[in-house]
Amino acid sequence: MDNTVTPDTQPKTVPSHTTGARRLILRTLHIMVLLCSIALIVLISYDCFRNISFLANPTYMKIQFWICLFFIFDVVVEFFMSPKKWKYICTHIFFLIVSIPYLNIISYYGIDLSPEMQYLVRFIPMIRAAYVLTIVLGVLSTDKISSLFTAYVGLLVATVYFASLMFFIEEHYINPGVTTYWSALWWAFMDVTTVGCNINAITPTGKVLAVILAAEGLILFPIFTVYITNALTRKSAESSASQKTSSAKAA
């Protein structure tokens with residue numbers, strides 16, 4: 001039997017220069033998405049510290065509209081460059097959902113929402129910025145374990161920060177314990193550690209955030225222990241392997 005591989009049956013390989021260009025494009029897009037996410041965070045924080053609703057700021061609305069369009073453009077580009085398109089869709093569908101500029105659409109068409117939906121829409125910009133920041137930091141990491149750990153740390157930090165902003169906005173008018181933003185940040189940090197704080201939430205938003213932070217703390221903090229244990233185990237294994245190699249060479 002002739003086992004000669006014909007040109008039609010030879011495995012197709014991607015040229016190295018094409019792979020390198022693809023990686024460069026994707027990394028550039030990820031860095032730009034990260035910068036845009038940081039810009040959203042800065043804009044939201046700036047308005048909150050000035051006690052201004054970022055949802056009523058026309059400058060923020062314009063900037064976040066174009067940033068959302070860039071996020072969607074990034075999803076489209078990565079989709080066409082991905083070799084496993086269905087897997088990419090399944091893993092990035094939430095990114096696409098939070099990238100849609102709902103606030104601009106609602107404002108442009110004058111859509112009337114129920115109080116519950118208005119309450120939910122207020123969280124979308126913060127969810128978007130926190131989620132995008134988390135996944136991009138994970139993608140930019142060097143290996144899977146570091147990527148997962150970075151994503152969890154980013155999620156924890158982003159949740160605490162945005163929860164403190166929302167808590168300050170909702171509570172500082174009526175809660176005597178929240179006199180400054182730093183009081184709100186202290187409350188969020190103590191709540192996520194499940195230690196508790198002498199500041200009690202009064203508004204429904206504050207109570208919901210308290211439950212979310214406590215639940216997140218119970219879920220995410222054990223991951224730090226697992227990561228540190230795994231890192232120490234790998235370090236010990238590498239050290240043992242290095243000593244065995246040195247002993248073998250010496251013998």
Side-chain angles (χ1 to χ4, degrees), residues 34 37-57 60 64 94-95 98 115-116 118-138 140-141 145-232:
L34 178 61
S37 303
I38 294 174
L40 286 178
I41 295 172
V42 171
L43 289 172
I44 292 173
S45 303
Y46 180 71
D47 286 338
C48 291
F49 292 150
R50 294 171 61 206
N51 199 24
I52 298 174
S53 175
F54 60 89
L55 300 178
N57 187 344
Y60 169 80
Q64 74 102 29
F94 187 71
F95 179 33
V98 299
E116 293 79 10
Q118 291 178 2
Y119 185 77
L120 178 62
V121 167
R122 297 172 64 186
F123 287 92
I124 291 177
M126 295 188 179
I127 294 174
R128 177 188 299 126
Y131 178 74
V132 174
L133 180 64
T134 300
I135 63 172
V136 172
L137 287 175
L140 292 177
S141 299
I145 296 178
S146 298
S147 174
L148 181 62
F149 182 71
T150 304
Y152 277 122
V153 171
L155 178 62
L156 180 64
V157 173
T159 303
V160 170
Y161 180 66
F162 288 119
S164 66
L165 286 179
M166 289 299 299
F167 188 75
F168 175 69
I169 293 172
E170 297 291 332
E171 298 267 344
H172 79 282
Y173 279 125
I174 60 176
N175 194 332
V178 185
T179 55
T180 63
Y181 166 73
W182 304 110
S183 302
L185 182 61
W186 172 253
W187 170 86
F189 178 76
M190 296 303 292
D191 203 64
V192 78
T193 58
T194 68
V195 174
C197 185
N198 60 342
I199 301 174
N200 295 318
I202 296 177
T203 63
T205 300
K207 294 176 181 179
V208 171
L209 290 174
V211 174
I212 293 175
L213 286 173
E216 185 179 41
L218 290 173
I219 295 172
L220 294 185
F221 274 110
I223 294 175
F224 298 153
T225 305
V226 174
Y227 178 80
I228 293 173
T229 302
N230 183 65
L232 292 175

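- Note: Leu40 CG to Tyr60 OH = 5.0 Å, rounded to the nearest 0.5 Å.
- Note that the CG atom of Asn200 and the NZ atom of Lys207 stand 9.5 Å from one another [nearest 0.5 Å].
- Nearest heavy atoms, Gly177 versus Ser183: O-CB, 3.7 Å.
- With sequence neighbours excluded, no residue forms a side chain to side chain donor-acceptor pair (under 3.5 Å) with Thr179.
- Between Leu43 and Gln64, the closest side-chain pair of non-hydrogen atoms is not below 4.5 Å.
- Ile219 contributes atom CD1, which lies 7.5 Å from atom CD of Glu216 (distance to the nearest 0.5 angstrom).
- Using modelled atom types, one finds no donor on one side chain facing an acceptor on the other under 3.5 Å when comparing Thr203 with Glu170.
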**Report entry** Full working for side-chain contact (heavy atoms from CB on, under 4.5 Å) between Val42 and Ser45
**Finding:** CA-CA 5 Å; Val42 171; Ser45 303; 5.8 Å; no
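- Not a single donor-acceptor pair under 3.5 Å links the side chain of Asp191 to the backbone N or O of Cys197.
- Considering only heavy atoms from C-beta on, Ile41 comes within 4.5 Å of Phe162 through its side chain.
- Annotation: side chain of Leu213 is not in contact with side chain of Phe189 (no heavy-atom distance under 4.5 Å).
- A distance of 8.5 Å separates OG1 in Thr159 from CD1 in Ile212, rounded to the nearest 0.5 Å.
- Here the OH-CZ distance, from Tyr173 to Phe168, works out to 8.5 Å after rounding to the nearest 0.5 Å.
- Within the model, atoms CH2 of Trp186 and OG of Ser164 stand 13.5 Å from one another, a figure rounded to the nearest 0.5 Å.
- The backbone N or O of Ala201 lies less than 3.5 Å from no partner atom in the side chain of Glu171, so there is not a single donor-acceptor pair.
- Ring geometry, Trp187 versus Phe167: the interplanar angle falls under 30°, so the pair is classed parallel (tilted spans 30 to 60°).
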